[in-house]
Amino acid sequence: MKNNRTGGGKVSPKWIIIFSIFSFVLGMLFTNRVWDPIESDGRIMRRKEQETKFVTDDCITNKDNDLLGEVHKTQQAIQSLGNSISELKLELPSNQNSSKEVKDDNLISNKTKTVEDKIERRKKAFMVIGINTAFSSRRRRDSIRETWMPRGEKLLQLEKEKGIVVRFMIGHSATSKSILDRAIDSEEAQHKDFFRLEHVEGYHELTAKTRIFFSTAFTKWDAKFYVKVDDDVHVNLGMLATTLGRYQSKQRVYTGCMKSGPVLSQKNVKYHEPEYWKFGEEGNKYFRHATGQIYAISNDLAAYISTNQPILHKFANEDVSLGAWFIGLDVEHIDDRNMCCGTPPDCEWKAEAGNVCIASFDWSCSGICRSVERLKDVHKRCGEDPAALWNAQY
């Protein structure tokens with residue numbers, strides 16, 4: 001009995017092996033049941049990942065497609081813009097021409113309007129007299145003021161009542177606001193009888209000065225006649241106005257003492273003509289022209305000078321230049337010897353005979369010799385009646 005209980009307490013190796021196999025199988029069963037959900041979840045996760053990947057890939061694909069679409073649209077827009085630019089380039093020259101034409105038309109219109117405005121603003125006058133003078137000629141100007149040229153209120157009255165404008169014409173010095181210019185400014189403030197020109201004073205620039213005078217006077221005054229006279233000449237204004245009044249019905253009038261002097265080719269002589277060869281063979285004479293001491297032109301000729309001023313040629317002598325400007329035009333040259341009387345006794349005898357001279361001077365001096373000292377005497381002996389000017393009919 002004792003041996004059986006001992007033997008019965010031990011576990012047989014066979015049962016240990018069976019029990020191990022059974023445990024292994026049970027463990028396998030347990031392991032498979034536990035990991036199936038995990039694998040299942042894993043598969044689900046993998047599917048989700050794949051689906052997410054597919055969705056993501058699809059989104060990316062869609063985005064790529066949208067981006068490509070936008071790029072395509074942009075390319076089309078750029079191509080359309082390029083075509084528009086090409087069309088604009090083709091149209092641009094014509095548009096530029098049209099714009100330029102419009103601008104040119106506006107410019108011409110504005111210029112025309114400006115000129116018309118200036119013409120409308122011009123003061124009406126019968127005649128404008130410019131007395132050519134220089135900075136150094138103060139005493140000559142004073143002698144004229146004391147004789148044949150009205151002063152102060154009388155000068156203004158002459159302009160208002162008779163339409164006769166009388167001014168000393170002068171430019172400016174080469175140096176701005178020099179002592180010479182300031183002296184003229186002071187004299188002008190005292191007498192108010194100057195006509196200032198945009199011109200640099202100089203003896204050899206007399207032609208340019210004359211041209212500028214007629215052009216500027218025409219712009220300022222709408223006169224029947226424009227007269228240039230030197231500051232060493234005696235003038236009877238009443239007789240001058242009456243004489244010019246007889247020419248009002250004529251067109252393109254150029255009047256003065258007509259002459260035809262020799263063309264001087266020799267250098268270093270007075271009145272030398274550098275362009276003598278233009279007048280033919282040596283020893284030839286100039287064409288007929290008014291002597292430079294005094295002459296008058298009508299309104300239409302002053303307009304011609306004003307319009308063509310930049311291209312009017314300047315010869316050495318001012319009177320020759322003026323004659324040259326008119327020589328090829330349909331101009332009536334009037335030779336009036338009453339505009340170049342001699343000083344007493346010549347002008348005195350003519351006055352006593354009832355033929356009062358328009359102007360008097362000495363040919364030998366191209367003006368009145370020693371005019372400052374003699375002008376009063378000439379005026380006394382050859383001057384017209386003081387009432388003649390105010391009673392002149394024209």
Side-chain angles (χ1 to χ4, degrees), residues 129-149 166-171 201-210 213 227-237 239-240 243 255-274 285-286 288-296 315-323 335-352 355-384:
I129 302 172
I131 306 171
N132 182 41
T133 191
F135 290 117
S136 59
S137 299
R138 173 63 189 264
R139 294 180 64 202
R140 285 187 178 185
R141 292 190 291 273
D142 286 340
S143 67
I144 289 176
R145 292 181 181 115
E146 293 169 1
T147 53
W148 60 267
M149 177 182 177
V166 187
R167 298 285 190 277
F168 289 106
M169 62 166 173
I170 193 167
E201 284 293 321
Y203 177 78
H204 296 292
E205 294 298 325
L206 185 54
T207 299
K209 183 177 181 179
T210 301
F213 161 67
V227 183
K228 178 262 176 180
V229 59
D230 289 340
D231 62 2
D232 54 357
V233 174
H234 179 268
V235 179
N236 284 315
L237 293 174
M239 183 56 65
L240 175 61
T243 301
T255 182
C257 284
M258 298 295 166
K259 67 173 185 176
S260 180
V263 180
L264 302 176
S265 60
Q266 299 84 4
K267 293 183 179 179
N268 302 320
V269 297
K270 193 176 183 180
Y271 306 127
H272 165 63
E273 179 57 73
K285 292 186 176 182
Y286 289 112
R288 287 281 174 180
H289 60 277
T291 187
Q293 285 82 358
I294 181 172
Y295 46 73
F315 287 104
N317 301 300
E318 154 250 342
D319 51 358
V320 171
S321 296
L322 185 72
D335 183 17
D336 191 341
R337 309 314 291 182
N338 214 24
M339 295 180 74
C340 53
C341 296
T343 55
D346 181 50
C347 60
E348 186 176 18
W349 292 340
K350 291 178 179 178
E352 290 175 353
N355 187 23
V356 178
C357 292
I358 295 173
S360 304
F361 57 88
D362 298 311
W363 283 102
S364 59
C365 297
S366 296
I368 298 176
C369 299
R370 295 179 291 108
S371 64
V372 173
E373 293 81 12
R374 295 184 58 221
L375 188 58
K376 284 186 178 180
D377 180 65
V378 173
H379 183 66
K380 180 180 179 180
R381 298 167 66 179
C382 300
E384 63 190 357

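Here the OG1 atom belonging to Thr243 is positioned 3.5 Å from the CD1 atom belonging to Ile358, to the nearest 0.5 angstrom. Gln293 CD to Asp319 CG: the interatomic distance, rounded to the nearest 0.5 Å, is 7.5 Å. His272 contributes atom NE2, which lies 10.0 Å from atom CG of Asn317 (distance to the nearest 0.5 angstrom). Here Ser137 contributes atom OG and Ile131 contributes atom CD1; the two are 11.5 Å apart, rounded to the nearest 0.5 Å. The structure places NZ of Lys270 at 4.5 Å from OG of Ser366, a figure rounded to the nearest 0.5 Å. Leu240 contributes atom CG, which lies 12.5 Å from atom SG of Cys357 (distance to the nearest 0.5 angstrom).
More than 12 heavy-atom neighbours from other residues, nucleotides or ligands sit within 6.0 angstrom of CH2 on Trp363. Residue-environment remark: NZ (Lys350) exceeds the threshold of 12 foreign heavy atoms within 6.0 Å. More than 12 heavy atoms of other residues, nucleotides or ligands lie within 6.0 Å of CZ in Arg337, so this atom counts as buried by the packing criterion.
Using modelled atom types and a 3.5 Å distance limit, the side chains of Thr343 and Asp362 yield a donor-acceptor pair.
Residues Phe361 and Ser371 are not in side-chain contact: their nearest non-hydrogen atoms beyond the backbone lie 4.5 Å or more apart. Val227 places none of its side-chain heavy atoms less than 4.5 Å from the side chain of Val235. Between Tyr271 and Val320, every side-chain heavy-atom pair lies at or beyond the 4.5 Å cut-off. Put simply, the side chain of Arg140 reaches to within 4.5 Å of the side chain of Val372, judged on heavy atoms. Val263 places none of its side-chain heavy atoms less than 4.5 Å from the side chain of Ser265.
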side-chain contact (heavy atoms from CB on, under 4.5 Å), that's the test. Do Met169 and Lys228 meet it? Break it down for me. CA-CA 9 Å; Met169 62 166 173; Lys228 178 262 176 180; 3.7 Å; yes
Would you please test Glu352 and Arg381 for side-chain contact (heavy atoms from CB on, under 4.5 Å) and show each step? CA-CA 10 Å; Glu352 290 175 353; Arg381 298 167 66 179; over 6 Å; no
Which is it for Cys382 and Cys341 under the disulfide bond (SG atoms under 2.5 Å apart) test, yes or no, and what are the steps along the way? CA-CA 10 Å; Cys382 300; Cys341 296; over 6 Å; no
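Nearest heavy atoms, Met239 versus Glu384: N-OE1, 3.1 Å. Here the closest non-hydrogen pair linking Phe213 and Ile129 is CZ-C, 4.4 Å. The two atoms that bring Met339 and Tyr295 nearest to each other are CE-CA, 4.1 Å, heavy atoms only. Of all heavy-atom pairs between Phe135 and Gly171, the closest is CZ-O, 4.2 Å. Here the shortest heavy-atom pairing between Thr207 and Glu318 reads OG1-CA, 3.2 Å. Summarising the geometry of His379 relative to Thr147, their closest heavy-atom pair is NE2-O, 3.6 Å, with the distance given to 0.1 Å.
A donor-acceptor pair under 3.5 Å is formed between the side chain of Trp148 and the backbone N or O of Val233.
Ion pairing between a basic and an acidic side chain is recognised when a charged N comes within 4.0 Å of a carboxylate O; Asp377 and Lys380 show no such pairing. Salt bridge absent: Arg288 and Asp335 never bring a charged side-chain N and a carboxylate O closer than 4.0 Å.
Across Ile368, Leu375, Asp231, Asp232, a single residue satisfies side-chain contact (heavy atoms from CB on, under 4.5 Å) together with Ser143, and that is Leu375.
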